[in-house]
Amino acid sequence: MTPDFTKFVRAETLKPAAHGPHDLAFDTEIGRLAVAKKGGDWRLTWGTRTRPDYDLIDAAGFAAPAAVEIAPGHWRFGDANEWLELTSNPVRVRMGRKDWLDDPLTSPTDEHFRGWTRLPCFARGPEGWLASFALESGEPVYGLGEKFGPLDKRGQLVTNRIEDALGVNTELSYKSIPFAWGLKPGGGCWGALVATSHHVHHAVGYGQWSHRTYSILGEDEILDLFLFAGPDPAHVLARCGEITGRPVCPPLWSFGVWLSRAYYRTEAEILAAADECRAEGFPADVITFDGRAWMEVRTRATLDFDPARYPDPKATIGKLKAKNFKICCWEYPLISIHNPIYAELEKKGYFLREPDGSPHVFHWDTAPGTSPFGNVLTPLPPSGILDFTNPEAAAWWKTRHDRLFDVGVDTLKTDFGEQVMDHVVAANGDTGRRLHNVYPRLYNQAVYEACRARYGEDAVLWGRDGWIGAQKFPIQWGGDPQTDWEGLAASIRGALCYGLSGVPFYSSDVGGFYGSKQPDPELYLRWVGASIFGSHFRFHGIGVREPWALGDAVKRHARAWMTLRYRLLPYLWACARDAVRTQLPVMRAMALAFPKDRAARAFEEQFMCGPSLLVCPILKPGDAVDVWLPEGVWYDFWTGEKLAGGRQMRAANVPLDRLPVYVRGGHAIALGRAVMHTGEIDRNDPIEEIAFYGEPTITPLAGDGALTLDVERGRPILSGAPRAKLVGYGCTPRREAGRIVFG
């Protein structure tokens, strides 16, 4: 996509216009510009909104900024610490902070030979609104949702459009967020969010446009642009989260292991899987009735168990709950035209419609004898798509879930939602093209609210799609990776990229979803090992994914990994609750965790699990991987060996039940007891062991067991976890008068 920018009208002049308490207005050649400020955050809104905004952002607190400097064609807002400048002829912008010195975010500096900037700072053309900013050499840019390629988007043209990607091998993705941030070479971090439901295109130093410019092309009727500035990316993520919404912490049981496959075909199959899991000594918390597992395909999906296979679903679920499983059921927001109640729902206006007012019927098969799923999955029936812009339809769908909750279902897997076509019309008057990206959010929000109404803080869903604010309806998983090494690598990048976009909770399909071959033991175990350190963990795919069914070696090593997963829950649970406060993801890319370390950024598949654990997945056959240890002191998680940072090293001879994992010096890891499910955790005393890697300089993340760090006479002192075993590497922890002291 390369628009003809000669057809764009550039904003040349700013003329002050009447304004109110919420913004300061200017008239320009391309429409009205409204400027607002909240703290150090800036809002630049071009044009006038006439279409629904879907409550994507919380703009409370934004107000007209006071100008601290005015000259002909020049306005400076803010204060000496954080400021924004606008100038005329042409319209340009500069944003900076005191600690950025002479390195602000500025309008494009790429001047064409003919005497103008190659890309305008602000313009409007046939394809939409354009905003552009200069990029320096060595200035990386991150975010933009779940993307499976390089984390640094420099050189890429990225489109924010939610798609049924059918894999993790292209730029298409299920979760797309029009929020990006960059690291200034001189220090500091900027961020840009486009508040819209429409498609947004980002040319991030994209050579076909300009390799030294970041351009945003928004297709909506307005360009609602938020700009952030901070000392580091953590600061910018937090400030963006204040506008898009703070994450909601999922319940503790959701951090356990989820069992699933596509799919358990009968009651006997799912009960057998549950029996084998417990008999083989594998810890797990959730088991899933996937797509074709529980509804009759021809008439789905009104959330009714197939009576031919499940004449008494409450009894079936009762048997699973007796084995201490939570129950997840798959769903999607389409209802077959063959369903007995389809006509009634269509008459009530519960489905999206054609422009002429007739019902829109979505046909999965694009041509006779073909299907988007090929021969992998059975064909699906023509269906109506529920219209969640119709309050009555949304309320009906929420209420429909009560029948599942009444028989014991605990959570829902909200699949699909990407089928809204551009031409359809919604009850609120929006077109499908504008509704397309926000539709999955409306769908997930309805289901999450249904779960919340029944289960309160125990509510969670397992969703595939995400847009602005997805963190408020946790969690999402990365759909459909190919079952090979590149599928594993792309799944890790997708998780990290989503975290870089402000969403802290994520899982992949452990073992891979599809492929010409089933996962071999080595690939499977490397996938398990890497996923143990994600926020959530689910076995899933076409074919067998349960570890006890894949041979004795897999069974032995996978059991060790899953036992570790449950022992890590106090640490992971604390990371999750910290994410609610900070917006920091559980899986943190190196650029986020070590923004000043340019060498670290190149290692895009290794990551921090929370603040303390550095995880280095092995992504090809063999037992070795190159690792980057950032500056400082590190300890081998498994052996306690002390290592110097600031260097690259080769981790070799890594067995299948381990990965290279390192702990930051001065940190501690709180480990729980080995349990079969989270119901066995003593929430009043969850910690069995605290491992110290050098004398602590921070309070250990420790789940529900409160630990506090103090300093007395220059030495660290900890209080809490009175029964926990103490282990020290590079230090000697001991109890003294009910406290943990060192030395």
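In this structure, Tyr443 and Thr414 approach most closely via the heavy-atom pair OH-CA, 3.3 Å. Annotation for Ala293 and Tyr310: closest pair O-CE1, 3.2 Å, computed over non-hydrogen atoms. Here the closest non-hydrogen pair linking Asn428 and Thr389 is N-OG1, 3.3 Å. Across all their heavy atoms, Gly529 and Leu659 have their closest contact at C-CD1, 3.4 Å. Leu217 approaches Gly128 most closely through the heavy-atom pair CD1-C, 3.9 Å. Nearest heavy-atom pair across Phe505 and Ala576 is CE2-CB, 3.6 Å.
His436 places a side-chain N or O within 3.5 Å of a backbone atom of Val420 that can act as its donor or acceptor partner. Side-chain atoms of Tyr439 never come within 3.5 Å of backbone atoms of Gln419 as a donor-acceptor pair (strictly under, hydrogens ignored). Under the 3.5 Å distance criterion, the side-chain polar atoms of Ser507 are left unmatched by any main-chain donor or acceptor of Trp477. Of the possible donor and acceptor atoms, none in the side chain of Gln445 sits under 3.5 Å from a partner among the backbone N and O of Ala470. In this structure a side-chain-to-backbone donor-acceptor pair under 3.5 Å is present from Ser254 to Pro251. No donor-acceptor distance shorter than 3.5 angstrom exists from the side chain of Lys153 to the backbone of Leu144, with no hydrogens or angles considered. Side-chain N or O atoms of Arg434 include one that pairs as donor or acceptor with a backbone N or O of Pro52 at under 3.5 Å. Between the side chain of Asn444 and the main chain of Pro440, a donor-acceptor pair closer than 3.5 Å is present. Without hydrogens or angle criteria, Ser508 side chain to Ser491 main chain gives no donor-acceptor distance under 3.5 Å. Under a 3.5 Å cut-off, the side chain of Thr302 and the backbone N or O of Asp304 do not form any donor-acceptor pair.
In this structure, the side chains of Cys451 and Leu412 come closer than 4.5 Å at one or more pairs of heavy atoms. Trp573 is listed as a side-chain neighbour of Cys249, based on a closest heavy-atom distance under 4.5 Å. At a threshold of 4.5 Å between non-hydrogen side-chain atoms, the residues Glu605 and Arg493 count as touching. Two residues are said to be in side-chain contact when any heavy atoms from C-beta on lie closer than 4.5 Å; Glu163 and Glu418 fail this criterion. Looking at heavy atoms from C-beta onward, Trp181 lies out of side-chain contact with Val141 at the 4.5 angstrom threshold. Phe539 has its side chain within reach of Met562: a pair of non-hydrogen atoms, C-beta onward, lies under 4.5 Å apart. Between Trp462 and Ser260 the shortest side-chain heavy-atom distance does not fall below 4.5 Å. With contacts defined as side-chain heavy-atom distances shorter than 4.5 Å, the pair Phe513/Thr483 does not qualify.
Remark: Arg261 does not engage Asp290 in a salt bridge, criterion side-chain N to carboxylate O under 4.0 Å. Asp306 and Arg300 are not joined by a salt bridge, as no carboxylate oxygen comes within less than 4.0 angstrom of a charged side-chain nitrogen. With respect to the salt-bridge test (charged N to carboxylate O, under 4.0 angstrom), the residues Arg581 and Asp578 qualify. Checked for salt-bridge contact, Glu457 and Arg452 miss the test: no charged N lies under 4.0 Å from a carboxylate O. Asp465 has no carboxylate O lying under 4.0 Å from a charged side-chain N of Arg441, or vice versa, which leaves the two without a salt bridge. Taking a cutoff of 4.0 Å between a charged side-chain nitrogen and a carboxylate oxygen, Arg433 and Glu219 qualify as a salt bridge. With respect to Glu346 and Lys348, no salt bridge is recorded, no charged nitrogen being found less than 4.0 Å from a carboxylate O. For Arg353 and Asp387, the salt-bridge test fails: no basic side-chain N is under 4.0 Å from an acidic carboxylate O. The residues Lys326 and Asp285 are annotated as not salt-bridged, no charged nitrogen and carboxylate oxygen being separated by less than 4.0 angstrom. A salt bridge does not link Lys413 with Glu331: none of the charged nitrogens is closer than 4.0 Å to a carboxylate oxygen. Using a cutoff of 4.0 Å between basic side-chain nitrogens and carboxylate oxygens, Glu171 and Lys147 are scored as salt-bridged. Here Arg51 does not pair with Asp224 in a salt bridge; the nearest charged N to carboxylate O distance is not below 4.0 Å.
Distance check, rounded to the nearest 0.5 Å: CD1 of Ile327 to OG1 of Thr288 gives 8.5 Å. Here the straight-line distance linking atom CG of Leu237 with atom OG of Ser501 works out to 8.5 Å at 0.5 Å rounding. To the nearest 0.5 Å, the span separating CG on Asn390 from CZ on Phe351 amounts to 11.0 Å. In this structure, Ser197 OG and Asp430 CG are separated by 6.0 Å, a value rounded to the nearest 0.5 Å. To the nearest 0.5 Å, atoms CE (Met421) and CG (Leu352) are separated by 11.5 Å. In this structure, CG on Leu166 lies 5.5 Å from OH on Tyr174, to the nearest 0.5 angstrom.
Between Trp397 and His401, the ring planes lie perpendicular to each other; the angle is over 60°, past the 30° to 60° tilted range.
A cation-pi geometry, defined here as NZ or CZ lying under 6.0 Å from the six-membered ring centre and within 45° of its normal, does not hold between Arg309 and Trp294.
In this structure, the ring of Phe405 has its center less than 6.0 angstrom from the ring center of Tyr455. Ring pair Phe416/Trp364: centre-to-centre distance below 6.0 Å.
Counted by atom type alone, Arg246 and Gln583 present one or more donor-acceptor pairs between their side chains at under 3.5 Å. Checking Asn437 against His198 by side-chain atom types alone, no donor-acceptor pair falls below 3.5 Å. In the model, Thr159 has a side-chain atom that pairs as donor or acceptor with a side-chain atom of His201 under 3.5 Å.
Atom CD of Glu392 is surrounded by 12 or fewer heavy atoms from other residues, nucleotides or ligands within 6.0 Å. Annotation: Glu486, atom CD; neighbour count of heavy atoms from other residues, nucleotides and ligands within 6.0 Å does not exceed 12.
Exactly one of Val248, Thr244, Val580 qualifies for a side-chain contact (heavy atoms from CB on, under 4.5 Å) with Gln471. That residue is Thr244.
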Pair Asp480-Arg464, salt bridge (Lys or Arg N to Asp or Glu O under 4.0 Å): steps then yes or no: CA-CA 10 Å; Asp480 306 340; Arg464 185 164 80 171; 3.4 Å; yes

Evaluation steps, side chain to side chain donor-acceptor pair (under 3.5 Å), between Glu269 and Thr266: CA-CA 5 Å; Glu269 281 193 8; Thr266 64; 4.8 Å; no

Derivation of the side chain to side chain donor-acceptor pair (under 3.5 Å) call for Tyr506 and Glu146: CA-CA 10 Å; Tyr506 187 94; Glu146 172 197 58; 2.6 Å; yes

Step-by-step ring pair (Phe, Tyr, Trp, His ring centres under 6.0 Å) determination, Trp548 to Phe282: CA-CA 8 Å; Trp548 55 84; Phe282 282 88; 5.5 Å; yes

Trace of the side-chain contact (heavy atoms from CB on, under 4.5 Å) decision for Cys328 with Phe289: CA-CA 6 Å; Cys328 176; Phe289 290 85; over 6 Å; no

